[in-house]
Amino acid sequence: MKIAVVGTGYVGLVTGTCFAETGNHVTCIDIDKKKVEKLNNKQITIYEPGLEALFERNIRQGRLEFTTSLEEGIKGAQIIFLALPTPPGEDGSADLQYVLRVAEDLGPMLEDFTVIVDKSTVPVGTAEKVTAKVKEDAKVDFEVVSNPEFLREGVAVEDFMKPDRVVIGAEEPRSVKLMEQLYGPFVRQGNPIIFMDVRSAELTKYAANSFLATKITFMNEIANLCELMGADVDKVRKGIGTDSRIGNRFLFAGIGYGGSCFPKDVQALAKSSSEVDYDFKILNSVMGVNQNQKQKLIAPLKKYFNNDLNGKTIAVWGLAFKPYTDDIREAPALENIQTLLDLGAKVKSYDPEAMENVKDVFGDKIHFANDQYDALEDADALMIMTEWPIFRTPEFDGIASRLKNKVIFDGRNLYDLHQMEELGFEYHSVGRRIVK
């Protein structure tokens with residue numbers, strides 16, 4: 001099948017590459033000439049485990065190509081995916097300008113019945129807006145369908161190739177048949193393709209991400225309560241996570257969620273709710289709690305240094321919003337670093353993948369270390385912001401010998417409390433007792 005994917009960001013590149021892997025001919029389209037040139041030269045533009053091998057193989061075998069020309073890219077395509085940015089506007093609503101601009105351009109270019117797929121996360125009613133834009137100049141039949149993505153950064157290839165479910169909002173029988181054929185190879189083990197009306201499909205993505213964000217935030221609230229009541233959030237997590245009605249995922253306490261999806265989608269759903277005069281109280285609370293949680297470790301850090309961080313050097317391990325990605329959007333590390341700088345501290349940082357992106361934010365305001373131990377040299381304390389595996393079993397003797405003070409502020413609860421006691425560290429985590 002001939003497929004076109006408009007947009008080569010995170011979703012677009014994963015989508016296009018994985019569809020090519022199942023034998024389709026895929027053309028990805030982007031207005032960024034430098035990015036397209038890199039991609040055509042087999043230089044992958046995002047970090048995602050497992051993607052590069054598929055990317056190179058499908059380019060080499062002629063199933064995956066890239067262009068800046070929309071007209072050239074969609075020629076002959078039976079299905080066109082719109083994987084374009086939908087950033088939050090000033091009022092929290094999703095900005096649809098990129099999606100609608102491409103929709104307007106598509107109309108006169110269509111030559112035969114085409115399925116146009118909203119792959120971007122978009123508010124309820126977007127398909128209708130896209131349909132109206134395409135219809136202005138279209139001379140052939142088409143249908144705009146919704147096919148939200150449920151990709152987790154760090155395991156996106158696995159999520160795409162072996163999805164829990166595929167959600168499709170479509171009504172035209174021709175569209176349903178084409179989408180079934182396209183996704184058939186991905187659901188051979190029996191995982192469902194769920195067809196529904198377009199508006200329900202659009203809302204499904206926001207509902208899923210908002211629920212997961214709420215689950216994370218609830219556990220962070222429980223963690224805060226554990227600290228006040230002398231309980232241990234890890235034990236509480238195990239106690240409730242074995243309940244089949246709750247499940248054990250998204251129950252780890254920490255310094256809040258970040259990334260490109262949860263913050264934006266929760267905000268957008270709350271805004272959409274307000275537009276129909278519904279006060280979504282839970283989501284408003286989730287956003288407030290998460291914002292406060294991101295800097296939860298700043299108060300104990302200040303207390304440790306008698307409320308004076310001026311001139312102190314703080315080592316920061318982890319900059320990405322989660323491990324196995326270089327994505328720093330809404331990453332708690334960025335807010336913590338800015339607060340440390342505002343308080344007069346110096347920052348030495350290390351992350352396996354995200355440092356180049358953070359350099360674009362802070363430039364030479366912070367130090368970027370060669371490895372995790374280099375970041376500790378002459379530092380007064382260590383803060384852990386991201387749960388990269390390499391931070392889980394470090395050389396604690398190496399940490400102790402490099403830090404001026406044997407103190408760790410861990411925003412991801414990586415270490416065992418008894419081990420920290422035995423090693424003689426002062427250890428602050430989230431929802432657990434302080435080790436002194």
Heavy-atom pair with the smallest gap, counting every atom of [X] and [Y]:
| X | Y | answer |
| --- | --- | --- |
| V155 | E48 | N-OE2, 3.1 Å |
| F409 | L301 | CE1-CD1, 3.4 Å |
| S349 | I366 | OG-CD1, 3.7 Å |
| V5 | G16 | CG2-CA, 4.0 Å |

Worksheet item: Which residue pairs pass the ring pair (Phe, Tyr, Trp, His ring centres under 6.0 Å) test with at least one member in residues 187-206, sequence neighbours excluded?
Response: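 Listed by first then second residue: nothing to list.
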
Practice prompt. Keeping to residues at least two apart or across chains, list the ring pair (Phe, Tyr, Trp, His ring centres under 6.0 Å) pairs with something in residues 110-164.
Written response: F19-F160, F160-F186

Discussion item. Per the salt bridge (Lys or Arg N to Asp or Glu O under 4.0 Å) rule, what does the pair list look like for residues 204-220, sequence neighbours excluded?
Written reply: E149-K205

Crowding at [atom1], [X] (>12 non-hydrogen neighbours, <6.0 Å):
| X | atom1 | answer |
| --- | --- | --- |
| K322 | NZ | yes |
| Q419 | CD | yes |
| Q61 | CD | yes |

Item to complete: Could you list all the side-chain hydrogen bond (donor to acceptor under 3.5 Å, both in side chains) pairs where at least one residue sits in residues 244-258, not counting sequence neighbours?
Response: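 Sorted result for residues 244-258: D243-R245.
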
Discussion item. So, applying side-chain hydrogen bond (donor to acceptor under 3.5 Å, both in side chains) with N209, which one of D265, T214, T121 is it?
Written reply: D265

Worksheet item: Will you find, in the side chains of D118 and S120, an N or O donor that is under 3.5 Å from an N or O acceptor?
Response: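 No - no donor-acceptor pair under 3.5 Å links their side chains.
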
Practice prompt. Please determine, by modelled atom types, if K296 and N224 share a side-chain donor-acceptor pair under 3.5 angstrom.
Written response: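 Yes, side-chain donor-acceptor contact under 3.5 Å.
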
With sequence neighbours excluded, tell me which residues meet salt bridge (charged side-chain N to carboxylate O under 4.0 Å, His left out) with [X].
| X | value |
| --- | --- |
| K365 | none |
| R57 | E21 |
| D141 | R174 |
| E52 | none |

So, does [X] use its side chain to make a donor-acceptor pair with the main chain of [Y] at under 3.5 Å?
| X | Y | result |
| --- | --- | --- |
| T126 | P123 | yes |
| E202 | V122 | no |
| N290 | V286 | no |
| S429 | D410 | no |

Would you list the atom pairs, donor with acceptor, under 3.5 Å between side chains in residues 25-32 and any protein atom, with sequence neighbours excluded?
residue : atom : partner : partner atom : Å
T27     : OG1  : K2      : NZ           : 3.3
T27     : OG1  : E65     : OE2          : 3.4
D30     : OD1  : D32     : N            : 2.9
D30     : OD2  : T8      : N            : 3.1
D30     : OD2  : T8      : OG1          : 2.7
D32     : OD1  : K34     : N            : 3.1
D32     : OD1  : K35     : N            : 3.1

Identify each donor-acceptor pair in which a side-chain atom of residues 92-107 lies under 3.5 Å from a protein atom, sequence neighbours left out, and give them as a table.
residue : atom : partner : partner atom : Å
S93     : OG   : D91     : OD1          : 2.6
S93     : OG   : D91     : OD2          : 3.4
D95     : OD1  : Q97     : N            : 3.1
D95     : OD2  : Q97     : NE2          : 3.0
Q97     : OE1  : R101    : NH2          : 3.0

Worksheet entry | Any side-chain heavy-atom pair of I59 and F66 under 4.5 Å |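 Touching, per the 4.5 Å side-chain cut-off.
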
Practice prompt. Tell me, please, which residues at least two apart from N370 pass side-chain contact (heavy atoms from CB on, under 4.5 Å).
Written response: D374

What pairs of donor and acceptor atoms, side-chain ones from residues 323-333 against any protein atom, are under 3.5 angstrom apart with sequence neighbours left out?
residue : atom : partner : partner atom : Å
T325    : OG1  : E153    : OE1          : 2.9
T325    : OG1  : D327    : N            : 3.1
D327    : OD1  : R329    : N            : 2.9
D327    : OD1  : R329    : NE           : 3.0
D327    : OD2  : R329    : NE           : 3.2
D327    : OD2  : R329    : NH2          : 2.8
E330    : OE1  : K294    : NZ           : 3.4

